[in-house]
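Each ligand, and each atom within it, is numbered from 1 in the order the structure gives.
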Amino acid sequence: MKKEILKILKNNKEYVSGQELCKGLGVSRTAVWKVMNQLKEEGYEIESVSKKGYKLLDKPDILSREEIESQMDTEVFGKKVVYFDEIDSTNIYAKKLGEEMDSHGILVVADRQIQGKGRRGRDWDSPKGSGVWMTLVLKPGIKPADASMITLVAGLSVCKAIQKLYGANCLIKWPNDIVINGKKICGILTEMSTEFDYINHLVVGIGININTMEFPEELKLTATSIEKECGSRVLRSELIAAIMKEFELNYNIFMETCDLEGLMKDYNKYLVSINKEVVIIEAGQKYEAIALGINKNGELRIRTKDGEEKNVFSGEVSVRGIYGYI
Ligand code: BTN
């Protein structure tokens, strides 16, 4: 009921009467009153005026299962949220959920991770209240070899959601880092469990820096946050819901062909290095090339200095801009 009340309060700029709430939800006045008190305790600013009802004065940046679910406007993705104030890693938890039958679309969110994981075995710093740390469980019924494309679908979705909400010039560093003004704001870690030649489940972990203003020395040149770059106030639950909406939409397009045929044009529009010089680091060797965009398999098409065009696969190479991170 808390989720429904939150939804109603958010969708109404004016007062909502207690009677309306009771009637609409089929509950008693005391029950409504109790929920209002709970919400106030959690930090929501709710004004209650006799004979008028209740009004939400401000939208605070609160995370809870009800808050996130009340924002969600999807069919499947994130319809069910599992929320933790603190957890080791949302990916670790999501992988346990993945073992269960009906876990497709469940979203695990935490306010803080104490063992956040990055790619290539790195740690992912995930302090309380400063980012979106979430993992979506998927059971896509595709071949393991095609799974890396879902990470690209996720990256495109994060990028579009951030652009739409904050008007930020948010771009993709192939394969799946999201950058603003040349610095990383988001990383994605996809892990899968396979059985013979099919995917049992896949977890897509998304970490977004929201309001960190100072980064440790070793990250200063490469990392940033949405609020630092855009100055906009971010409500994490709103951003999470917007990402799930985009992700679900793009995932459905992907599933029609099981490749990026329907999305690569869009992806290439957001590619930070498109038509720019990049350095390819492949099996310990470095060479310069021009990035031409991704193909329908999610590989990066490049043109080398001697005019040869070829595709590089994300598992095998690392791409850098010639002047640094992007
Ligand atoms: C990267 O190295 O760029 C990937 C970082 C992925 C971090 C996210 S935060 C939510 C999820 N849980 C984790 O432990 N990692 C991912």
> Side chain, backbone, both or neither: which applies to Arg120 and ligand 1 if a contact is any heavy-atom pair less than 4.0 Å apart?
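For Arg120, no heavy atom sits under 4.0 Å from ligand 1.
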> Give me the residue, atom name and distance of the protein heavy atom closest to atom 5 (C) of ligand 1.
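Closest protein heavy atom to atom 5 (C) of ligand 1: Trp124 CE3, 3.3 Å.
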> Relative to the heavy atoms of Gly116, which atoms of ligand 1 are at a distance of less than 4.0 Å?
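Numbered from 1, ligand 1 contributes 14 (O).
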> So for Arg122, does at least one of its heavy atoms come nearer than 4.0 angstrom to any atom of ligand 1?
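No, that is not the case, since the closest heavy atom of the residue is not under 4.0 Å from the ligand.
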> Establish whether Leu260 and Ile142 are linked, either directly or via other cluster members, by ILVMFWY side-chain heavy-atom contacts under 4.5 Å.
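Yes, it is one cluster - the side chains of Leu260 and Ile142 are joined through contacts under 4.5 Å.
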> Can you find an N/O atom of Arg119 closer than 3.5 Å to an N/O atom of ligand 1?
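Between Arg119 and ligand 1, an N or O pair is found under 3.5 Å apart.
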> Report yes if the side chains of Cys159 and Ile178 come closer than 4.5 Å at any heavy-atom pair, otherwise no.
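The answer is yes; the side chains approach within 4.5 Å.
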> Report the residue from Asn181, Asn169, Asn209 that forms a side-chain hydrogen bond (donor to acceptor under 3.5 Å, both in side chains) with Glu229.
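For Glu229, the side-chain hydrogen bond (donor to acceptor under 3.5 Å, both in side chains) test succeeds with only one of Asn181, Asn169, Asn209, which is Asn181.
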> Which bit of Asn91 is near ligand 1, meaning a heavy atom under 4.0 Å away: side chain, backbone, both or neither?
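The part of Asn91 near ligand 1 is both the backbone and the side chain.
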> Could you tell me the residue and atom name of the protein heavy atom closest to atom 15 (N) of ligand 1, and the distance to it rounded to 0.1 Å?
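In this structure, atom 15 (N) of ligand 1 has Lys117 O, 2.7 Å as its nearest protein heavy atom.
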> Would a single hydrophobic cluster contain both Val204 and Ile199, if residues Ile, Leu, Val, Met, Phe, Trp and Tyr are joined by side-chain heavy-atom contacts under 4.5 Å?
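Linked within one cluster.
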> Tell me whether Ile206 is reachable from Ile226 by hopping between hydrophobic residues (I, L, V, M, F, W, Y) whose side-chain heavy atoms are closer than 4.5 Å.
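Per the 4.5 Å side-chain linkage, Ile226 and Ile206 are co-clustered.
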> So which bit of Ile206 gets within less than 4.0 Å of ligand 1, heavy atoms only: side chain, backbone, both or neither?
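It is the backbone that gets close, since no side chain atom is under 4.0 Å.
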> Taking only heavy atoms of Gly118, which atoms of ligand 1 are found under 4.0 Å from at least one of them?
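Taking each heavy atom of Gly118 in turn, ligand 1 has 2 (O), 4 (C), 5 (C) under 4.0 Å.
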> Return the closest protein heavy atom for atom 10 (C) of ligand 1 as residue, atom name and distance.
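Result: Thr90 OG1, 3.3 Å.
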> Under 4.0 Å from a heavy atom of Lys184: which atoms of ligand 1 are those, numbered in the order shown and with their elements?
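Listed by number with element, the hits are 1 (C), 3 (O).
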> For Ser126, state whether at least one heavy atom is located under 4.0 Å from any atom of ligand 1.
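Ser126: no contact with ligand 1 (<4.0 Å).
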> Measure the CH2-CD1 distance between Trp133 and Ile240 for me, rounded to the nearest 0.5 Å.
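One finds 11.0 Å between CH2 of Trp133 and CD1 of Ile240.
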> Test your reading of the structure: does Ser89 have an N or O sitting under 3.5 Å from an N or O of ligand 1?
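So ligand 1 has an N or O lying under 3.5 Å from an N or O of Ser89.
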> Stepwise, does the side chain to side chain contact (heavy atoms under 4.5 Å, CB included) test hold for Leu239 with Tyr166?
CA-CA 10 Å; Leu239 175 59; Tyr166 314 113; 3.6 Å; yes
> Are Val203 and Val132 connected into the same hydrophobic cluster when the rule is that any two of I, L, V, M, F, W, Y join if their side-chain heavy atoms are below 4.5 Å apart?
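No: no chain of side-chain contacts under 4.5 Å links Val132 to Val203.
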> Looking at ligand 1, does any of its N/O atoms fall within less than 3.5 Å of an N/O of Gln113?
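Between Gln113 and ligand 1 (N or O atoms, distance only) the closest approach is under 3.5 Å.
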> Decide yes or no for Leu63 and Ile68: does some side-chain heavy atom of the first lie under 4.5 Å from some side-chain heavy atom of the second?
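Contact flag for Leu63/Ile68 side chains = yes.
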> Can you hop from Leu97 to Val109 via hydrophobic side chains spaced under 4.5 Å?
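No; Val109 is not reachable from Leu97 via cluster members.
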> For ligand 1, is any non-hydrogen atom under 4.0 Å from Ile92's backbone (N, CA, C, O), its side chain (CB onward), both, or neither?
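Near ligand 1, Ile92 shows nothing, with every heavy atom at 4.0 Å or more.
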> To check your reading of the model: name the closest protein heavy atom to atom 8 (C) of ligand 1, its residue, and the distance in Å.
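Checking every protein heavy atom, the shortest distance to atom 8 (C) of ligand 1 gives Gly207 N, 3.6 Å.
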